[in-house]
Amino acid sequence: MQRIAVLTSGGDSPGMNAAIRAVVRKAIFHGLEVIGIQRGYSGFIDADMGPMNLSSVADIIHRGGTILRTARSEEFKTPQGRAKAHENVLRFGIQGLVVIGGDGSFRGANVFHEEYGLPVAGVPGTIDNDIAGTDYSIGFDTAVNTVVEAINKIRDTATSHERTFILEVMGRESGHIALTAGLAGGAESILIPELDNNINEVCEKLYRGYKRGKLHSIIIVAEGAASGLEIGKKLHEMTGLETKVTILGHLQRGGTPTAFDRILASRMGATAVEMLMSGNAKHMVGIAGGKIVSESLADTFKCKNAIDLELYKLAGILSI
Ligand code: F6P
């Protein structure tokens with residue numbers, strides 16, 4: 001193997017740049033050439049790509065977003081789109097591809113490998129942490145810390161005004177961000193899509209808290225479980241309490257990556273290159289119990305990374 005390519009695809013996540021840096025530098029360390037593909041699979045199809053060197057990835061380890069840009073390509077889902085991408089594989093002499101992204105990106109990589117045999121290595125990059133085969137994906141830790149910071153700030157004003165706050169957080173169909181940030185931020189209730197959420201229980205908890213003299217309440221709602229605005233409205237109707245809703249939105253996707261995400265990205269990016277060099281095609285790099293592992297790409301999108309029920313129970317006990 002002499003030349004590999006790297007792209008970022010799907011929603012960006014903090015730490016993707018650290019992963020790109022690791023891929024490029026590890027590959028160059030082993031004497032490989034690296035092509036950087038812009039705008040994910042869209043750039044793969046449009047031949048929007050060029051060589052990268054050590055300086056291309058200088059001064060990016062601390063930056064959020066992705067220097068390679070990203071996109072959600074509809075065209076790559078079609079055989080015609082993938083055929084165009086394959087023409088570019090031949091034109092640019094690409095012998096292996098590192099895909100940094102989420103489950104949709106891995107679906108694309110998997111089908112491309114099946115059709116054209118190009119060795120592919122997946123690096124999980126999504127704030128949602130929903131990819132099976134890895135305890136953590138790059139960007140999750142940073143997003144959780146962003147949400148916790150937001151909870152801390154909301155708590156100040158919630159206490160001053162004795163209000164109930166509802167915070168809607170991202171995560172698509174997964175409740176990892178809500179659960180982890182909710183526990184770390186001391187939220188009263190956490191609503192996640194993996195479980196049945198009983199609004200009556202949320203109300204009872206609110207009453208109990210206010211009877212005990214609690215000055216405020218914070219309820220975290222995962223976007224996949226319900227709309228924060230609807231929950232706010234319902235809770236107001238059911239309790240008469242004043243409710244305020246904050247939808248954190250895309251600010252959860254930005255910002256400088258935490259040390260955890262930078263280290264994770266560095267380890268995963270470097271391992272992806274090793275995988276390609278050793279002929280371990282069509283796999284994703286994962287982390288399990290702190291150790292780097294490898295998971296068949298096809299198994300990463302068959303199911304979701306399950307939430308830790310013990311964590312959920314603990315959050316309930318500690319916010320009683
Ligand atoms: O997958 C990452 C994510 O931020 C989800 O949490 C969210 O539902 C989605 O992307 C938003 O996508 P877009 O940026 O395309 O609106």
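One-based numbering, in listed order, for ligands and for the atoms of each.
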Between [Y] and [X], is there a side-chain heavy-atom distance shorter than 4.5 Å?
X: Glu242; Y: His236; answer: no
X: Phe140; Y: Leu264; answer: no
X: Lys205; Y: Ser319; answer: yes

Have a look at Arg253 and tell me which of Thr146, Thr142, Asp12 forms a side-chain hydrogen bond (donor to acceptor under 3.5 Å, both in side chains) with it.
Asp12

Under 30°, 30 to 60°, or over 60°: which ring-plane class applies to Phe260 and Tyr136, parallel, tilted or perpendicular?
perpendicular

Using a 3.5 Å cut-off on N/O to N/O, what pairs does ligand 1 make with the protein? A line per pair would be great.
residue: ligand 1; atom: 1 (O); partner: Asp128; partner atom: OD2; Å: 2.6
residue: ligand 1; atom: 1 (O); partner: Arg172; partner atom: NH2; Å: 3.4
residue: ligand 1; atom: 4 (O); partner: Arg253; partner atom: NH1; Å: 2.8
residue: ligand 1; atom: 6 (O); partner: Asp128; partner atom: OD1; Å: 2.7
residue: ligand 1; atom: 6 (O); partner: Gly171; partner atom: N; Å: 3.1
residue: ligand 1; atom: 6 (O); partner: Glu223; partner atom: OE2; Å: 3.4
residue: ligand 1; atom: 8 (O); partner: Glu223; partner atom: OE2; Å: 2.5
residue: ligand 1; atom: 10 (O); partner: Arg72; partner atom: NH2; Å: 3.3
residue: ligand 1; atom: 10 (O); partner: Arg172; partner atom: NH2; Å: 3.4
residue: ligand 1; atom: 10 (O); partner: Arg253; partner atom: NH1; Å: 3.1
residue: ligand 1; atom: 12 (O); partner: Arg72; partner atom: NH2; Å: 3.0
residue: ligand 1; atom: 14 (O); partner: His250; partner atom: NE2; Å: 2.8
residue: ligand 1; atom: 14 (O); partner: Arg253; partner atom: NH1; Å: 2.9
residue: ligand 1; atom: 14 (O); partner: Arg253; partner atom: NH2; Å: 3.0
residue: ligand 1; atom: 15 (O); partner: Arg72; partner atom: NE; Å: 3.3
residue: ligand 1; atom: 15 (O); partner: Arg72; partner atom: NH2; Å: 3.2
residue: ligand 1; atom: 16 (O); partner: His250; partner atom: NE2; Å: 3.3

Salt bridge (charged side-chain N to carboxylate O under 4.0 Å, His left out) involving Glu173 - partner list, sequence neighbours excluded:
none

